[in-house]
Amino acid sequence: MDTHKVGSDTTVIADSLDVPGVGHLPVNAYVLTAAEPVVVDTGLSVEDRDFVAALGGVVEPADVRWIWLTHPDRDHTGGIFDLLDAAPRARVVTTFIGFGIMSTERALPMDRVYFLNPGQSLDVGDRTLHGFRPPLYDNPATVGFYDDRTRICFSSDCFGGPMPSAELAESGHASDLKPEELRRAQLLWATIDSPWVQLVDPGRYRASLEPLRAMNPEIVLCTHLPPAVRMTDRMLETLAAAPDANPFVGPDQAALEQLLASFERGGLTPA
């Protein structure tokens with residue numbers, strides 16, 4: 001994991017996954033050092049990641065007051081229970097549905113949750129965080145937010161895109177890609193993560209982009225994209241094209257068997 005600042009009081013805890021045939025997918029969590037510190041998502045649910053240790057390089061875990069869970073998928077919840085132990089005053093910002101989904105694996109303590117729906121806001125001492133439903137999402141519990149002090153938008157999965165290298169995924173910026181490369185990456189991710197976008201009414205979908213355009217954030221921080229600075233209009237134009245993009249079709253069983261056979265021919269045994 002790589003840790004670096006974006007703006008004066010926001011830090012990225014960056015990780016990535018190598019997805020064969022897709023690229024290196026960024027998996028970011030964030031720390032907002034507000035008067036009441038906020039952690040946004042808690043990293044990957046894999047054994048060799050120690051999210052709380054990485055967080056300790058940014059803020060004392062015991063000082064964390066809020067854990068904003070943009071949605072309860074496993075690439076957002078890796079360190080949540082360890083962090084709840086390390087941050088006894090922290091509450092998890094989620095929705096009724098998010099709480100229910102989490103409870104199918106391990107229940108969040110009822111006295112440690114704070115239900116917040118799109119359109120509602122959270123006062124964290126020196127600023128207000130405004131919750132909203134991103135136009136693209138893969139989980140019904142998704143709630144991103146806009147920080148009205150820094151003009152940073154935390155967009156959850158929306159605007160994501162795989163990168164060509166782990167270094168770029170974890171340490172780069174979205175602007176490091178050429179505009180057409182970024183466009184292709186974001187449209188690919190849109191069709192993978194939100195395939196429903198190609199089934200809905202295009203006009204109604206494109207109208208859902210307008211609140212973000214009116215918000216006009218200076219910086220967009222996505223779970224699955226390096227930080228994007230002053231790129232909102234360009235990225236919204238890309239998202240507007242998602243209903244017309246080619247659908248993603250993943251490998252089938254024949255492709256898997258071909259891959260396994262190539263391991264055998266090369267003298268390798270798949271793990």
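Since we're looking at a predicted model, the values are computed, not measured.
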(message) Using a 4.5 Å cut-off between side-chain heavy atoms of Ile, Leu, Val, Met, Phe, Trp and Tyr, which other residues end up in the same hydrophobic cluster as Leu129?
(response) Val6, Val12, Tyr30, Leu32, Val38, Val40, Trp66, Trp68, Val93, Tyr114, Leu116, Leu122, Val124, Val143, Phe145, Ile152, Phe154, Ile219, Leu221, Val229
(request) Kindly say whether Pro179 contributes a backbone atom to a donor-acceptor pair with the side chain of Arg234 at under 3.5 angstrom? (result) no
(request) Report yes or no: does Arg91 contribute a side-chain atom to a donor-acceptor pair with the main-chain N or O of Val113 at less than 3.5 Å? (result) yes
(request) State, with a plain yes or no, whether a side-chain heavy atom of Asp157 is found less than 4.5 Å away from one of His71. (result) yes
(message) Please tell me whether Asp75 and His224 have a donor and an acceptor in their side chains that are separated by less than 3.5 angstrom.
(response) yes
(request) Measure the shortest side-chain to side-chain distance between Pro135 and Leu212 over non-hydrogen atoms and say whether it is less than 4.5 angstrom. (result) yes
(request) Return yes if a side-chain donor-acceptor contact under 3.5 Å exists between Thr150 and Asp147, otherwise no. (result) yes
(request) Indicate yes or no: does Asp201 engage Arg206 in a salt bridge with an N to O separation below 4.0 Å. (result) no
(request) Look only at the side chain of Thr191 and the backbone of Leu188, and say whether a donor-acceptor pair between them is shorter than 3.5 Å. (result) yes
(message) For a 4.5 angstrom cut-off between non-hydrogen side-chain atoms, does Leu199 reach Tyr205?
(response) no
(request) Check for a donor-acceptor pair, side chain of Ser194 on one end and backbone N or O of Val197 on the other, with a separation under 3.5 Å. (result) no
(request) Answer whether the closest heavy-atom distance between the side chains of Asp193 and Phe248 falls below 4.5 Å. (result) no
(message) Regarding Arg213 and Glu210, does a basic nitrogen lie under 4.0 Å from an acidic carboxylate oxygen?
(response) yes
(request) Let me see the working for Asp41 and Thr70 under side-chain hydrogen bond (donor to acceptor under 3.5 Å, both in side chains), right down to the final yes or no. (result) CA-CA 6 Å; Asp41 293 330; Thr70 66; 2.8 Å; yes
(request) Sort and list the pairs that fulfil ring-ring contact (aromatic ring centres under 6.0 Å, His included) and have at least one residue in residues 78-110, not counting sequence neighbours. (result) Phe99-Phe115
(message) With heavy-atom distances below 4.5 Å as the criterion, would you say the side chains of Leu69 and Met102 are in contact?
(response) yes
(request) Considering non-hydrogen atoms only, spot the tightest contact between Leu225 and Gln186 and give its length. (result) CD2-NE2, 3.7 Å
(message) Donor-acceptor pair, distance only, cut-off 3.5 Å: does the side chain of Thr104 make one with the backbone of Ile101?
(response) yes
(message) Checking side-chain polar atoms at under 3.5 Å, does Ser16 have a donor or acceptor matched by the opposite partner on His24?
(response) no
(request) Kindly say whether Cys222 contributes a backbone atom to a donor-acceptor pair with the side chain of Asn28 at under 3.5 angstrom? (result) yes
(request) Flag the pair Asp148 and Arg127 as a salt bridge only when some basic side-chain nitrogen lies within less than 4.0 angstrom of an acidic carboxylate oxygen. (result) no
(request) Consider only side-chain N and O atoms of His76 and Thr42, and report whether a donor and an acceptor are under 3.5 Å apart. (result) no
(message) Looking at Ile80, is its backbone amide N or carbonyl O close enough to the side chain of Thr77 to form a donor-acceptor pair, meaning the two atoms are under 3.5 Å apart?
(response) no
(message) Donor-acceptor pair, distance only, cut-off 3.5 Å: does the side chain of Arg112 make one with the backbone of Val92?
(response) no
(request) For the pair Ser45 (side chain) and Arg74 (backbone), establish whether a donor and an acceptor sit closer than 3.5 Å, ignoring hydrogens and angles. (result) yes
(request) State, yes or no, whether a side-chain contact exists between Pro217 and Arg151 at a heavy-atom distance under 4.5 Å. (result) no
(request) Please name all residues satisfying side-chain contact (heavy atoms from CB on, under 4.5 Å) with Glu47, sequence neighbours left out, ordered by chain then number. (result) none
(request) State, with a plain yes or no, whether a side-chain heavy atom of Val64 is found less than 4.5 Å away from one of Leu55. (result) yes
